[in-house]
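Note: hydrogens, waters and symmetry copies are ignored here, and every other heavy atom, side chains too, is used.
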Amino acid sequence: EDKAGYWGDYRKCDTPLRTLVSMYKHINEHHKDIDLVYWTGDLPPHDIWNQTREGNLKVLRGTSEQLREYFPHTMILPALGNHESAPVDSFPPPYVHGKHSISWLYSELDSEWQHWIGAGPGPTLRYGGYFSVNIAPGLRVISLNMNYCMNKNFWLLLNSTDPAEELKWLVYELQLAEFKGEKVHLIGHIPPGHVDCTAVWSRNFNNIINRYEDTVTAQFYGHTHYDEFQLFYDRSDKERGKRTTNIAYIAPSVTPYYGLNPSYRVYEVGATDGYVLDHERWYMDLAEANQFPESEPVWKKLYSAKDAYELKSLSPSNWNEFVLKIDEETEHFDKFYYFYHGASPERPHCDIICKRKIICNLKSSQSHMSREYCNKLVKTWSYYNPVSWFSYLFSTD
């Protein structure tokens, strides 16, 4: 009776292969107009105590082969997750050689990903696990290795500022794109404002994004498993106040780990400038699917951001206005929270502390700065505001 569900489980269980295959088939049948796939990492499951280098490489090869099989004519652009290494989170800088070197992984990435990105980006991919590629006239995609900001990567004790010269390289790529008049998408795994990202790396990254805000038109990450985003601000002008400069979209995960419904996101992007016009979330109702293990599960559209959130556009400034709205209006926050968990029946009740944390995360692309920024950002929920406690104690949500 205690075994995992056939299509997955809300407890701490990862996705069975059959669920991934079901998703691939559904996307093939229902989204035939897809031009590009962003694959933001984390392939091995969460049994990190039971993993080896060869085992993780086998997962990498198998997943790459599946994607080539189901999307043979679609460009797929990957980014490296923190679970791809063995041990997990262990990503030595490029100057570490010998048995502790990370070349066993980066060389395999180069081999597997050449099918989509070609041999050109090979040098930076083998050096630091990152690359840059032009995908259309005027649009470039830069894949970042966010593991060099991962604070659980003990190799950062040697250098946490820029251990693989990735930020230096990023500035070069963005400056070149600016000279050429190109727009840029950034993809990666760990969002730069997440608590897992070191403060110094995140601060420098934010400064880079604000400098090239007209060049970087969107960013795409994973890692959290939730449906969320992070906003970037120019905080340099204290008299005029903060100005929203950019947005990092954080897509929900296919794994239900944990308490979530398997999901994927579809973006509509402007062909000439790379700005995100809208995005949709599609999901499998895991509880419903597990009732009928002999039947193919149904993947359903959960929502469209523009319609559900009543946005005029998906510009960073409009997302900022949206956050202010869900901060002040419980009904709108409840809808966001429902989507945040992918309509899962296992989503926990969101109390005053939970709401405060979520709002703070949406408005903080710089990690470990909640003490400095959060009290200025979040107006509705405060321990020291009696109205907050009255609203919380007598609310019906």
TODO: Return yes if a side-chain donor-acceptor contact under 3.5 Å exists between Lys363 and Asn320, otherwise no.
DONE: yes
Open item on the list: Please determine whether residues Tyr212 and Leu176 belong to a single hydrophobic cluster, defined as Ile, Leu, Val, Met, Phe, Trp and Tyr linked transitively by side-chain heavy-atom distances below 4.5 Å.
Closed with: no
Open item on the list: Membership question, hydrophobic clusters at under 4.5 Å side-chain separation (ILVMFWY): are Ile358 and Trp319 in the same one?
Closed with: yes
Task: Counterpart residues, side chain to side chain contact (heavy atoms under 4.5 Å, CB included), relative to Thr74 (two or more places apart) - done: Ile34, Val37, Phe71
Open item on the list: Which heavy atom of Cys197 sits nearest to which heavy atom of Pro191, and what is that distance?
Closed with: CB-O, 4.1 Å
- [ ] Could you walk me through whether Thr198 and Asn151 pass the side-chain hydrogen bond (donor to acceptor under 3.5 Å, both in side chains) test, one step at a time?
- [x] CA-CA 5 Å; Thr198 59; Asn151 57 22; over 6 Å; no
Open item on the list: Using every non-hydrogen atom in the two residues, find where Ile326 and Leu362 come nearest and quote the distance to one decimal.
Closed with: CD1-CD1, 3.8 Å
TODO: Using the side-chain hydrogen bond (donor to acceptor under 3.5 Å, both in side chains) rule, take Asp227 and Tyr303 through it: C-alpha gap first, then chi angles, then the decisive distance, then the call.
DONE: CA-CA 11 Å; Asp227 188 324; Tyr303 77 97; 2.9 Å; yes
- [ ] I would like to know whether Ser253 and Thr255 meet side-chain hydrogen bond (donor to acceptor under 3.5 Å, both in side chains); could you show each step before the answer?
- [x] CA-CA 5 Å; Ser253 60; Thr255 179; 5.4 Å; no
Open item on the list: Taking the ring of His341 and the ring of Tyr337, is the distance between their centroids below 6.0 Å?
Closed with: yes
Task: Spacing of CG belonging to Leu231 relative to CZ belonging to Phe229, to within rounding of 0.5 Å - done: 5.5 Å
Task: Euclidean distance, Leu286 CG relative to Thr19 OG1, rounded to 0.5 Å - done: 7.0 Å
TODO: Could you tell me the separation between the OG atom of Ser160 and the CG atom of Asn153, rounded to the nearest 0.5 Å?
DONE: 10.5 Å
- [ ] Given side-chain hydrogen bond (donor to acceptor under 3.5 Å, both in side chains), test Thr245 with Asp234 step by step and report yes or no.
- [x] CA-CA 6 Å; Thr245 60; Asp234 179 4; over 6 Å; no
Task: Sub-4.5 Å side-chain heavy-atom contact between Glu54 and Leu57 - done: yes
Please tabulate, for side-chain N and O atoms in residues 166-174, each donor-acceptor pair with protein atoms closer than 3.5 Å (sequence neighbours left out).
from: Glu166; atom 1: OE2; to: Asn145; atom 2: N; distance (Å): 2.6
from: Glu173; atom 1: OE1; to: Ser132; atom 2: OG; distance (Å): 2.9

Task: Within 6.0 angstrom of Glu296 CD, more than 12 heavy atoms from elsewhere - done: yes
Open item on the list: So, taking the atom named CG in Leu144 and the one named OG1 in Thr40, what distance separates them when rounded to the nearest 0.5 Å?
Closed with: 12.0 Å
Task: side chain to side chain donor-acceptor pair (under 3.5 Å) against Gln114, all qualifying residues, sequence neighbours excluded - done: Asp110
Task: Within-4.5 Å side-chain heavy-atom neighbours: Val266 and Trp282 - done: yes
Open item on the list: Looking at every non-hydrogen atom in both residues, tell me the closest pair between Pro93 and Pro163 and how far apart they are.
Closed with: CB-O, 3.6 Å
Task: Nearest heavy-atom neighbours spanning Leu186 and Phe205 - done: CD1-CZ, 3.9 Å
TODO: First locate atom OH of Tyr283, then atom OG of Ser263, and finally report the distance between them rounded to the nearest 0.5 Å.
DONE: 8.5 Å
Open item on the list: Side chains of Tyr10 and Asn261 only: does a donor on one sit below 3.5 Å from an acceptor on the other?
Closed with: yes
Open item on the list: Is it the case that the ring center of Tyr221 lies less than 6.0 angstrom away from the ring center of His189?
Closed with: no
Open item on the list: Contact between Leu302 and Tyr338 at the side-chain level, heavy atoms closer than 4.5 Å - yes or no?
Closed with: yes
Open item on the list: Restricting to side chain to side chain donor-acceptor pair (under 3.5 Å), what partner residues turn up for Asp196, sequence neighbours left out?
Closed with: Lys152, His223
- [ ] Kindly give the cluster partners of Tyr258, where membership spreads through any ILVMFWY side chain lying under 4.5 Å from a current member.
- [x] Tyr257
Task: Nearest atoms (heavy-atom pairs only) where Gln366 meets Ser202 - done: CA-OG, 3.4 Å
Task: Under 3.5 Å donor-acceptor, Glu228 side chain and Tyr340 backbone - done: no
TODO: Using a cut-off of 6.0 Å, state whether more than 12 heavy atoms not belonging to Lys325 lie near its atom NZ.
DONE: yes
- [ ] Decide if atom CZ of Phe292 counts as having more than 12 heavy atoms of other residues, nucleotides or ligands within a radius under 6.0 Å.
- [x] no
Open item on the list: Within the 4.5 Å heavy-atom criterion, are Ile250 and Tyr226 side-chain neighbours or not?
Closed with: no
- [ ] Would you mind reporting whether Gln175 and Phe179 have side-chain heavy atoms less than 4.5 Å apart?
- [x] yes
TODO: Evaluate the side-chain proximity of Ser85 to Ile102: yes if any heavy-atom separation is below 4.5 Å, no if none is.
DONE: yes
Open item on the list: Working to the nearest 0.5 angstrom, can you tell me the gap between Leu17 CG and Ser22 OG?
Closed with: 11.0 Å
Open item on the list: For a quick check under 3.5 Å, do Asn206 and Ser365 share a side-chain donor-acceptor pair by atom type?
Closed with: yes
TODO: Evaluate the ring planes of Tyr38 and His185, with Trp represented by its six-membered ring, and classify them as parallel (under 30°), tilted (30 to 60°) or perpendicular (over 60°).
DONE: perpendicular
Task: Charged tip of Arg18 within 45° of Tyr6 ring normal and under 6.0 Å - done: yes
Open item on the list: Any heavy-atom pair between the side chains of Arg281 and Tyr264 that's under 4.5 Å?
Closed with: no
Open item on the list: Is it true that Ser103 and Ser101 share a donor-acceptor pair across their side chains at a distance under 3.5 Å?
Closed with: yes
- [ ] Determine whether Trp104 and Tyr106 fall in the same hydrophobic cluster, where Ile, Leu, Val, Met, Phe, Trp and Tyr are linked whenever their side-chain heavy atoms lie under 4.5 Å apart.
- [x] yes
- [ ] Look only at the side chain of Asn290 and the backbone of Gly8, and say whether a donor-acceptor pair between them is shorter than 3.5 Å.
- [x] yes
TODO: Determine whether the aromatic ring centres of His83 and His46 lie less than 6.0 Å apart.
DONE: yes
Task: Thr63 (side chain) donor-acceptor with Val59 (main chain) under 3.5 angstrom - done: yes
Please output the side-chain donor-acceptor pairs of residues 267-275 that fall under 3.5 Å, not counting sequence neighbours, one pair per line with the distance.
from: Tyr267; atom 1: OH; to: Arg265; atom 2: NH1; distance (Å): 3.0
from: Asp273; atom 1: OD1; to: Tyr275; atom 2: N; distance (Å): 3.0

Task: Asp35 side chain reached by Met75 side chain, heavy atoms, under 4.5 Å - done: no
Task: Passing candidate, salt bridge (charged side-chain N to carboxylate O under 4.0 Å, His left out) with Glu280, options Lys306, Lys301, Lys300 - done: Lys301
Open item on the list: Which residue in the set Gln230, Gln219, Glu213 passes side chain to side chain donor-acceptor pair (under 3.5 Å) when paired with Asn246?
Closed with: Gln219
Task: Phe220 to Val276 - nearest heavy-atom pair and separation - done: CZ-CG2, 3.9 Å
